[in-house]
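Some notes on the structure that comes next.
Not measured: the values here are computed from a predicted model. Just the heavy atoms: all of them, side chains too, but no hydrogens, waters or symmetry mates, feed the values below.
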Amino acid sequence: MKLSTLLSAIVLSGSILVSLTANAKGHSEHRGDFLLSKRAVAVLDLTVDQQAQIKSIITELKADKKDRKLERKENREAFRALVEAESFDEDKAKALMSDIKAERSEKVLAHLKSRHQIWQLLTVEQREKLTEMREKRKNKQRRHRD
């Protein structure tokens with residue numbers, strides 16, 4: 001096996017691991033928590049029932065996240081073993097990468113599903129207020145970037 005192929009495999013596996021950890025610590029998971037903050041509850045005028053249902057959805061999403069954490073650890077160990085092996089097994093590397101893609105798809109799907117469930121709990125007025133809040137936040141972030 002060529003050294004350049006081995007080096008690209010190492011760089012690829014490293015970049016995959018970095019992107020997975022960056023995505024795992026992203027802010028997307030905190031959106032649901034924001035809806036339970038005192039400010040959001042007051043601005044959106046969430047009922048106690050809505051708060052309980054949102055909390056239930058978020059708790060379920062977090063439990064799924066913890067389950068996937070073990071899978072990510074197993075993948076890291078498999079990548080490490082693949083890189084440290086005497087010979088590079090390209091088929092095994094491709095299988096690991098397809099597993100990671102499947103796990104990422106499951107994570108995105110679960111997140112979208114929970115956001116949809118939360119959106120369906122909100123009234124039309126609450127949805128409008130939340131959309132306004134998001135737009136204000138986007139504009140504020142744009143001003144800080146410029």
Side-chain angles (χ1 to χ4, degrees), residues 5-85 88-146:
T5 308
L6 183 60
L7 286 175
S8 18
I10 292 171
V11 169
L12 177 64
S13 64
S15 64
I16 289 172
L17 290 174
V18 167
S19 68
L20 283 176
T21 55
N23 287 331
K25 295 183 187 252
H27 296 287
S28 60
E29 297 289 334
H30 299 292
R31 286 192 182 126
D33 289 344
F34 166 73
L35 290 175
L36 295 176
S37 69
K38 290 179 183 179
R39 178 174 175 251
V41 168
V43 171
L44 297 176
D45 195 28
L46 294 174
T47 65
V48 175
D49 187 45
Q50 285 176 318
Q51 292 176 49
Q53 290 176 348
I54 291 171
K55 187 171 187 165
S56 170
I57 293 168
I58 293 169
T59 303
E60 184 179 322
L61 186 63
K62 285 182 179 182
D64 290 344
K65 183 179 174 182
K66 285 183 182 182
D67 293 341
R68 286 191 299 271
K69 187 175 183 177
L70 178 62
E71 293 173 11
R72 286 193 313 270
K73 182 179 180 182
E74 291 170 356
N75 283 339
R76 281 193 303 272
E77 291 170 357
F79 271 122
R80 188 172 293 120
L82 186 66
V83 169
E84 294 173 355
F88 184 74
D89 187 352
E90 191 170 332
D91 292 331
K92 199 173 192 179
K94 287 180 181 178
L96 282 170
M97 289 186 305
S98 70
D99 287 348
I100 288 172
K101 283 182 183 178
E103 289 172 15
R104 176 71 178 142
S105 295
E106 289 175 21
K107 177 184 175 183
V108 170
L109 182 63
H111 179 72
L112 289 172
K113 184 179 176 183
S114 67
R115 286 187 64 186
H116 174 75
Q117 289 172 333
I118 291 171
W119 187 257
Q120 296 305 312
L121 292 174
L122 301 176
T123 65
V124 175
E125 295 83 15
Q126 290 170 330
R127 290 176 186 177
E128 290 171 358
K129 286 180 185 177
L130 183 58
T131 303
E132 288 175 22
M133 291 171 74
R134 286 179 181 163
E135 288 301 317
K136 285 181 183 178
R137 183 177 175 117
K138 277 185 191 178
N139 292 335
K140 186 177 182 181
Q141 289 173 344
R142 282 185 194 139
R143 281 185 276 156
H144 287 296
R145 275 189 249 148
D146 295 339

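Salt bridge Lys136/Glu132: absent, no basic N to carboxylate O contact under 4.0 Å.
Looking at heavy atoms from C-beta onward, Leu44 lies out of side-chain contact with Gln50 at the 4.5 angstrom threshold. Here the side chains of Arg137 and Lys140 are not in contact, with every heavy-atom distance at 4.5 Å or above. Using a 4.5 Å heavy-atom cutoff, the side chains of Lys113 and Gln117 are in contact. Considering only heavy atoms from C-beta on, Leu46 comes within 4.5 Å of Leu122 through its side chain. Counting heavy atoms from C-beta outward, Leu35 and Ile58 have side chains that stay 4.5 Å or more apart. Counting heavy atoms from C-beta on, the side chains of Lys107 and Arg72 never come closer than 4.5 Å.
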The test is salt bridge (Lys or Arg N to Asp or Glu O under 4.0 Å); show your working for Lys129 and Glu125 and say whether it passes. CA-CA 6 Å; Lys129 286 180 185 177; Glu125 295 83 15; over 6 Å; no
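Pairing each heavy atom of Met133 with each of Phe34, the nearest pair is CE-CZ, 3.1 Å. Contact between Ala93 and Phe88 at its shortest, heavy atoms only, is CB-CZ, 3.7 Å. Leu82 and Asp89 get closest at one heavy-atom pair: CD1-O, 3.6 Å. The two atoms that bring Gln126 and Leu121 nearest to each other are OE1-O, 4.3 Å, heavy atoms only.
Other residues, nucleotides and ligands contribute more than 12 heavy atoms inside 6.0 Å of the CD atom of Glu71. Atom CZ of Arg80 has 12 or fewer neighbouring heavy atoms from other residues, nucleotides or ligands inside a 6.0 Å radius.
Between the Ser56 side chain and the Ala52 main chain, no donor and acceptor come within less than 3.5 Å of each other.
Of the options Val124, Thr131, Leu130, a side chain to side chain contact (heavy atoms under 4.5 Å, CB included) to Glu128 is made by Val124 and by none of the others.
Separation of atoms OG1 (Thr59) and CG (Asp64) is listed at 11.0 Å; rounding is to 0.5 Å.
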